[in-house]
Structures are given as structure tokens and as C-alpha cells.
Amino acid sequence: MEIILWSLIGILGCFGLAIPAVDYIKGTRIGPYLALLATLLATIINLLIMGKSGVLFNGALRIDPISTYISIMASLGAFLVTFASLSQAKDWSTSPSLYSLLLLSLLGVYFILYVDDVSVLIAGWALVAVASYVIVGIRKDYNSLEASVKYALMGIASSSLMIFGLALVIGTIKTSSLSFFSSSSSPILVLGALILVAAFGFKMGVVPFQGWLPDVYGGAHPLLVSFVSGVIKLVSIGAFIRVLQPLIPLLGDYWFTAMAVLSIATMFYGNLAALVQRNVQRMMAYSSIAQAGYFLVAFAALSSTTSKQIALQGIGLHVTTYVLAKIGIFIGLSYMARKGFELTLDGLSGTGRKMKISGFMFAVLLFSLMGMPPLIGFWSKFMYIFYSVMEIAPWLAFIGIVNSGISVGYYALVLKYMYFANPPEIKAEESARDPEFYVLLITGIMSILLGLGLAGYIAALLT
């Protein structure tokens with residue numbers, strides 16, 4: 001297992017560091033294809049260790065089924081973003097740096113998902129954080145640079161909180177292991193854990209730590225946002241599972257109370273703010289905040305020993321829904337913008353009729369985020385996440401269902417303009433030669449197929 005993980009680290013690290021030099025020496029852009037190869041190999045390697053568990057590298061890393069599965073989804077997401085970039089970012093002057101950072105940040109995501117020691121957590125977090133700040137602004141236009149600066153400033157606050165929270169927790173438990181074998185609690189431990197919730201909540205976009213997210217997700221290039229939203233955001237999911245989950249028995253009722261309050265505030269804020277947006281990219285940014293609220297419902301259920309298993313299954317399945325939908329939707333928006341459409345409700349009028357297959361797959365992804373049966377989003381949201389809290393807090397499940405109903409309002413509004421409004425005078429057609437076309441096809445078809453019988457099988461593999 002250590003050899004397999006060494007190969008994973010070696011492939012992403014070596015390819016990531018070599019791409020700028022290779023492109024400079026060769027004088028041609030082969031970096032995108034090296035990045036495609038690296039992300040494909042990373043996906044295959046993670047598939048090889050699916051279902052296995054164990055502590056590796058003298059306690060530095062620990063693998064288990066759910067972390068491996070989320071790593072597979074992160075690898076697939078990175079592959080799809082890299083593939084979609086062939087028609088847009090390949091010829092950017094900064095593209096060698098972009099592909100290098102994509103691979104290095106993906107490696108940092110793995111470290112967080114497999115982490116079992118504080119030193120690895122800090123190193124992996126720093127790698128992902130710095131890389132993601134640069135990725136957001138790498139196009140160097142005004143909106144991207146503004147988003148990058150805001151992201152960096154809020155990220156610094158998040159990282160500072162994480163260090164402070166870790167100091168309190170580790171100082172109380174007196175071990176750098178993230179398995180936390182202590183059986184005693186204290187006010188300092190509770191304070192440290194709550195600070196860590198705030199730190200990881202920054203990265204996830206949890207209210208009231210979401211201030212940066214609409215400007216970053218709604219202002220940067222949608223291709224870059226697809227990676228930050230669909231891959232980088234998984235570090236917060238991994239941090240909650242790896243760092244905070246072992247602390248839950250020591251926190252008592254504090255955990256459920258904190259998760260319930262934050263989830264309710266996050267769901268309502270994200271969905272209600274999305275309802276009033278006219279810019280579709282910004283609308284999807286607020287949708288990402290609402291999705292963070294759904295994850296928090298499952299995290300709240302982790303406090304119950306009887307609900308823990310189904311909550312973890314719900315987290316894994318909703319990661320699938322989220323990665324496929326967010327990467328597909330943001331890449332779809334990037335595709336439409338490249339074809340000449342504006343990313344507003346009026347600007348996307350008629351896109352579903354002009355770009356029939358792409359528009360249909362885009363609609364499938366929106367339906368999946370709604371939780372429409374039989375798509376994967378229905379299973380992950382209703383049959384696992386909301387169901388996981390039915391035993392301990394049915395009222396929280398009801399609030400989640402209400403918010404899911406609210407979200408239908410803005411998702412349906414996008415579909416209304418795509419299919420029932422008159423299209424602008426733009427000669428835009430989808431083409432089988434466009435990489436974005438295949439990304440939408442893959443994400444849409446996977447959302448359908450995984451919902452038609454495979455969701456339960458995947459859930460069984462996660463615990």
C-alpha cells in the first residue's frame with residue numbers, strides 16, 4: 001500500500017513540477033496532455049486501493065473506503081477539468097503554470113483526505129491553499145485577480161484559525177495523531193474544536209464564513225471555478241471527516257447543536273440569495289453555499305452511533321452528486337460563454353434549443369442538484385443525508401426538504417430561460433470536437449446511471 005501511495009505522490013508531484021520546464025524546453029504546449037495522463041493514472045491508482053484500510057508511513061497517513069472514494073471523485077473531477085481546458089486554457093500564456101498547479105493542488109487534496117497526523121494536515125492544507133489562490137487568478141483579468149485577492153485574504157484567516165484550533169486541541173489531547181485516543185473532554189477542547197469548525201467552514205463556504213465565496217465562484221473564469229468548486233472544496237469535507245469526526249464523542253451535544261445551527265443558516269442563506277440572482281454563474285455560487293448546508297446535516301448525524309453509517313454513506317454519495325454537477329455546470333457555463341452567450345438568465349435564453357445535447361445534460365445536472373428522482377442527487381440528498389437525521393432530529397430533515405424545495409425555484413428559472421425564452425441572434429452550435437461537450441455528456445450520463453441502481457452499491461462500499 002505504501003508503494004502504491006508513493007507512486008501516486010510521485011506521479012502528481014513529478015508531473016506537476018516538470019510541466020512548466022517541459023513546455024519551456026520543447027517550445028510547444030504538451031503540458032495539458034501530461035496533466036491528462038497524470039490525472040487518469042491517479043484515478044486508476046485510487047481505484048486499486050478502494051475498499052482497503054490501514055495506517056501507513058508510521059501513522060502519517062491512513063486510508064479507509066470513504067476517503068479513497070472521495071479521492072477517486074477528486075481525481076475524476078481534475079481529469080474532466082483538464083480535458084475541458086483543452087479548448088480554452090491550453091493557449092493561455094499562463095497555461096503551463098495552471099496545469100502544474102492543478103496537479104500539485106490535487107496532491108494536496110489527497111494529503112488532507114488521507115491525513116492522520118497534524119504535520120501532514122498543515123503541509124497539505126498550505127499546498128492546496130496557495131495553489132488554489134493562484135489558480136483562481138491565473139487568467140490575469142480584472143475579475144479573476146479581484147477574486148484571487150479576496151480568496152487569499154479569507155484563506156489566510158481560515159489557515160490562521162486552523163493553526164490556533166489545532167494548538168488548543170493537540171495541547172489538550174497531547175498527541176499529534178488525528179485518531180485522538182483521549183477519553184476526557186474540557187472547555188479548551190470544545191473551544192478548539194469550534195475554532196476548527198470555523199476554519200474548515202471557511203473553505204466549505206459555511207455561513208457566516210461564506211463572504212468570499214460568491215465573489216470567487218461568481219467572478220473568476222468558470223473553467224477555473226469548476227476546479228475550485230468541484231475538487232478543492234473536497235478538502236473541507238476531508239477535514240471534517242479526518243480531524244473533527246474523532247472529536248465528536250468528546251464534544252457531546254455541542255457538536256450536534258453547532259452543526260444543526262450552521263446547516264440551517266447555510267441552507268437558507270444559500271438558497272434565498274440564489275433566488276434573487278440574475279447572473280447564472282453567481283447563482284450557482286450561492287447554490288454551492290446551500291450544498292454545504294446539506295453536507296452539514298449529515299455531519300450533524302455523525303453524533304449518533306446508529307445514524308453514523310448512513311451519514312457517512314450520504315456524505316460519500318453527495319460528494320458524487322456535487323462533483324459531477326458543479327464541474328459539469330461550471331464547465332457548461334464556460335462552454336456557453338465561449339459560444340457567445342452571456343452568463344445571465346436573459347443571456348442564456350434558448351441555449352437548450354440551440355445546443356440540444358449539451359443543454360439537455362446541463363438540465364440533467366440541475367435536476368440532480370434539485371434532488372429529482374431517479375438521478376444520483378435524489379439518492380444522496382433525500383435517501384441518505386436527510387434520512388440520516390430522521391431518528392435524532394426529524395425537524396432538521398424537514399428543514400432540509402423545505403430548502404430543497406426552495407432551490408427548485410432558481411434551478412427551474414434557469415431551465416425556463418434555456419428552453420422557453422427566445423434565443424438571442426447568435427450563431428452558436430455545439431460540436432463533437434469541443435471537449436466541453438464530452439464533459440457535459442460524461443457528467444450528465446453518470447448522474448443518470450448512478451441513480452438507476454448503483455447508488456446503493458456505492459453506499460455499501462463506503463463503510
Any chance you could lay out the side-chain hydrogen bond (donor to acceptor under 3.5 Å, both in side chains) test for Y69 and T320, step after step, and finish with the verdict?
CA-CA 9 Å; Y69 181 76; T320 308; 2.5 Å; yes
side-chain hydrogen bond (donor to acceptor under 3.5 Å, both in side chains) for S87 and E436? Distances and angles first, verdict last.
CA-CA 8 Å; S87 62; E436 302 100 323; 2.7 Å; yes
Would you check, one step at a time, whether the test side-chain contact (heavy atoms from CB on, under 4.5 Å) holds for T68 with Y114?
CA-CA 8 Å; T68 305; Y114 292 134; 3.7 Å; yes
Please assess M284 against K326 for the test side-chain contact (heavy atoms from CB on, under 4.5 Å), listing each intermediate value before the final yes or no.
CA-CA 8 Å; M284 292 302 113; K326 286 301 176 179; 4.2 Å; yes
Kindly indicate, with the supporting measurements, whether the criterion side-chain hydrogen bond (donor to acceptor under 3.5 Å, both in side chains) is fulfilled by T306 and E391.
CA-CA 9 Å; T306 56; E391 180 180 342; 3.1 Å; yes
Assess the residue pair D64 and K52 against the criterion (side-chain contact (heavy atoms from CB on, under 4.5 Å)); give the C-alpha distance rounded to whole Å, side-chain angles, the decisive distance to 0.1 Å, and a yes or no.
CA-CA 6 Å; D64 55 36; K52 295 181 172 60; over 6 Å; no
Taking it one step at a time, do I237 and I241 satisfy side-chain contact (heavy atoms from CB on, under 4.5 Å)?
CA-CA 6 Å; I237 307 295; I241 294 173; 4.1 Å; yes
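No donor-acceptor pair closer than 3.5 Å links the side chain of S287 to the backbone N or O of M283. When atom types are taken as modelled, the side chain of S7 and the backbone of I4 share a donor-acceptor pair closer than 3.5 angstrom. Under the 3.5 Å distance criterion, the side-chain polar atoms of T39 are matched with a main-chain donor or acceptor of A35. Formation of a donor-acceptor pair under 3.5 Å by the S105 side chain with backbone atoms of L102 is found in this model. Counting only distance, with no hydrogens or angles, the side chain of Q281 and the backbone of A220 share a donor-acceptor pair below 3.5 Å. The closest donor-acceptor contact from the side chain of D215 to the backbone of A147 lies at 3.5 Å or more, if one exists at all. Between the S85 side chain and the Q88 main chain, no donor and acceptor come within less than 3.5 Å of each other. Side-chain atoms of S132 come within 3.5 Å of backbone N or O of V128 as a donor-acceptor pair. Side chain of S380 to main chain of G314: no donor-acceptor pair is present (N/O by atom type, distance under 3.5 Å, no hydrogens or angles). Between the side chain of T82 and the main chain of A78, a donor-acceptor pair closer than 3.5 Å is present.
For E146, the CD atom sits in a packed shell: over 12 heavy atoms of surrounding residues, nucleotides or ligands are nearer than 6.0 Å. No more than 12 heavy-atom neighbours from other residues, nucleotides or ligands sit within 6.0 angstrom of OH on Y387.
Side-chain contact check for P394 versus V389: every heavy-atom pair is 4.5 Å or farther apart. When side chains are defined from C-beta on, L312 does not count as touching L462, because their heavy atoms never get closer than 4.5 Å. Contact annotation: the side chain of F295 never approaches that of M259 to less than 4.5 Å [non-hydrogen atoms, C-beta and beyond]. Between M267 and V297, the closest side-chain pair of non-hydrogen atoms falls below 4.5 Å. Contact annotation: the side chain of F15 approaches that of L37 to within less than 4.5 Å [non-hydrogen atoms, C-beta and beyond]. Put simply, the side chain of V231 reaches to within 4.5 Å of the side chain of I327, judged on heavy atoms. Looking at heavy atoms from C-beta onward, I112 lies out of side-chain contact with R242 at the 4.5 angstrom threshold. Between F268 and I406 the shortest side-chain heavy-atom distance falls below 4.5 Å.
Here the straight-line distance linking atom CG of L106 with atom CG of L234 works out to 9.5 Å at 0.5 Å rounding. Expressed to the nearest 0.5 Å, how far OG of S148 lies from NZ of K140 amounts to 11.5 Å. Separation of atoms SG (C14) and CD1 (I19) is listed at 11.5 Å; rounding is to 0.5 Å. Taking CZ of F386 as the reference point, atom OH of Y294 lies at 5.5 Å (rounded to 0.5 Å). To the nearest 0.5 Å, the span separating CG on L272 from CD on Q277 amounts to 11.5 Å. L224 contributes atom CG, which lies 6.0 Å from atom CG of L98 (distance to the nearest 0.5 angstrom).
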Please list every donor-acceptor pair under 3.5 Å in which a side-chain atom of residues 441-459 meets a protein atom from a residue at least two apart or in another chain.
from: T443; atom 1: OG1; to: V439; atom 2: O; distance (Å): 2.9
from: T443; atom 1: OG1; to: L440; atom 2: O; distance (Å): 3.2
from: S447; atom 1: OG; to: T443; atom 2: O; distance (Å): 2.9

Pairs under 3.5 angstrom only: tabulate donor-acceptor contacts from the side chains of residues 355-378 to other protein residues two or more places apart or in another chain.
from: K356; atom 1: NZ; to: R353; atom 2: O; distance (Å): 3.1
from: S358; atom 1: OG; to: E430; atom 2: OE1; distance (Å): 2.7
from: S368; atom 1: OG; to: G377; atom 2: N; distance (Å): 3.2

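With hydrogens and angles left out, the side-chain atoms of Y417 and T351 include no donor and acceptor closer than 3.5 Å. Under the 3.5 Å distance criterion, with hydrogens and angles disregarded, a donor-acceptor pair is assigned to the side chains of Y410 and N271. In the model, N46 has a side-chain atom that pairs as donor or acceptor with a side-chain atom of Y110 under 3.5 Å.
Of all the heavy atoms in I72 and L47, the pair that sits closest is CD1-CD2, 3.6 Å. Nearest heavy-atom pair, G316 versus I66, reported as atom, atom and distance to 0.1 Å: N-CD1, 4.3 Å. The minimum heavy-atom distance between S404 and K381, with the atom names listed, is OG-NZ, 3.2 Å. Heavy-atom minimum distance, G230 versus V323: O-CG2, 3.3 Å. Between G205 and W212, the closest heavy-atom pair is N-CZ2, 4.5 Å. Between L86 and Y99, the closest heavy-atom pair is N-OH, 4.4 Å.
Y133 and Y151 have perpendicular rings, their planes meeting at more than 60° on a 0 to 90° scale where under 30° would count as parallel.
Taking the six-membered ring where the residue is Trp, the centroids of W125 and F200 are separated by under 6.0 Å. Residues H318 and Y384 place their aromatic rings such that the two centres sit no closer than 6.0 Å.
Salt-bridge annotation for D434 and K339: present, with a side-chain N of the basic residue lying under 4.0 Å from a carboxylate O of the acidic one.
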